[in-house]
Amino acid sequence: QVQLAESGGDSVQAGGSLTLSCSVSLSEYTYLNYMAWFRQAPGKEREGVATHVGAVSSTGYADSVKGRFAISRDNAKNVLYLQMNSLKPEDTAMYYCAARLHSSGCSLFSEGCYVYWGKGTQVTVSA
């Protein structure tokens, strides 16, 4: 059983910073090698924001957040983070944590690539 729970969403002004957390609950012998943050703004499709491949500690970012957001993982605490700096009004969205155990050859920024999802945390950025 795998459960993901996001936290840290808030309302901030443009230029501000937030850190989102995704707490992972799973069985002792399970390791979620592929994790990511997605977001969905009202009326828009869910989009991949940042990805993390645990085995090689590799990260990836959408062009819209590159240089402003940073994804990281604390394996000891089973927590995935998303540090968001220089926030813009267009970053306003519900942010979701996603994960899968093994590679499937799918694009890591594709929603369909992930099996496990959290319920989301709201980030609102005002101008």
Report yes if the side chains of [X] and [Y] come closer than 4.5 Å at any heavy-atom pair, otherwise no.
X     : Y      : answer
Lys88 : Arg68  : yes
Met84 : Val123 : yes
Val24 : Leu32  : yes
Thr51 : Val53  : no
Arg39 : Ser64  : yes
Met35 : Ile71  : no

**Message:** Leu80 and side-chain contact (heavy atoms from CB on, under 4.5 Å): which single residue from Cys97, Ser23, Ser21 fits?
**Reply:** Cys97
Looking at every non-hydrogen atom in both residues, tell me the closest pair between [X] and [Y] and how far apart they are.
X      : Y      : answer
Ala14  : Ala127 : CB-CA, 4.3 Å
Ser17  : Asn85  : OG-OD1, 3.0 Å
Ala70  : Tyr61  : CA-OH, 3.3 Å
Asn78  : Leu26  : ND2-CD2, 3.7 Å
Cys106 : Arg100 : SG-NH1, 4.5 Å
Leu101 : Tyr34  : O-CD1, 3.9 Å

**Message:** Against the six-membered ring of Tyr96, is Arg46 placed for a cation-pi contact (under 6.0 Å from the centre, within 45° of the normal)?
**Reply:** yes
Please table the atom pairs, donor to acceptor, closer than 3.5 Å between any side-chain atom in residues 107-115 and protein atoms at least two apart or in another chain.
residue: Ser107; atom: OG; partner: Phe109; partner atom: N; Å: 3.2
residue: Ser110; atom: OG; partner: Gly112; partner atom: N; Å: 3.4
residue: Tyr114; atom: OH; partner: Leu108; partner atom: O; Å: 2.6

**Message:** Quick check on the hydrophobic clustering: are Val65 and Val125 connected, directly or via other members, by side-chain heavy-atom contacts under 4.5 Å?
**Reply:** yes
**Prompt:** Run the side chain to side chain contact (heavy atoms under 4.5 Å, CB included) check on Gln83 and Leu20 step by step: do they pass?
**Reply:** CA-CA 6 Å; Gln83 174 67 44; Leu20 304 184; over 6 Å; no
Would you say the side-chain atoms of [X] pair up with the backbone N or O of [Y], donor to acceptor, closer than 3.5 Å?
X      : Y      : value
Arg73  : Asn75  : no
Thr121 : Ser7   : no
Glu6   : Gly120 : yes

**Asked** How long is the span from the SG atom in Cys22 to the CH2 atom in Trp117, to the nearest 0.5 Å?
**Response** 11.0 Å
**Message:** Can you tell me how far apart CD (Gln122) and CD (Gln40) are? Round to the nearest 0.5 Å.
**Reply:** 10.5 Å
**Prompt:** Between Phe69 and Trp37, does the ring centre distance come in under 6.0 Å?
**Reply:** no
**Message:** Taking Lys66 first and then Asp63, would you say they form a salt bridge - that is, a charged N and a carboxylate O separated by under 4.0 Å?
**Reply:** yes
**Item:** Atom CD of Glu90: over 12 foreign heavy atoms under 6.0 Å
**Value:** yes
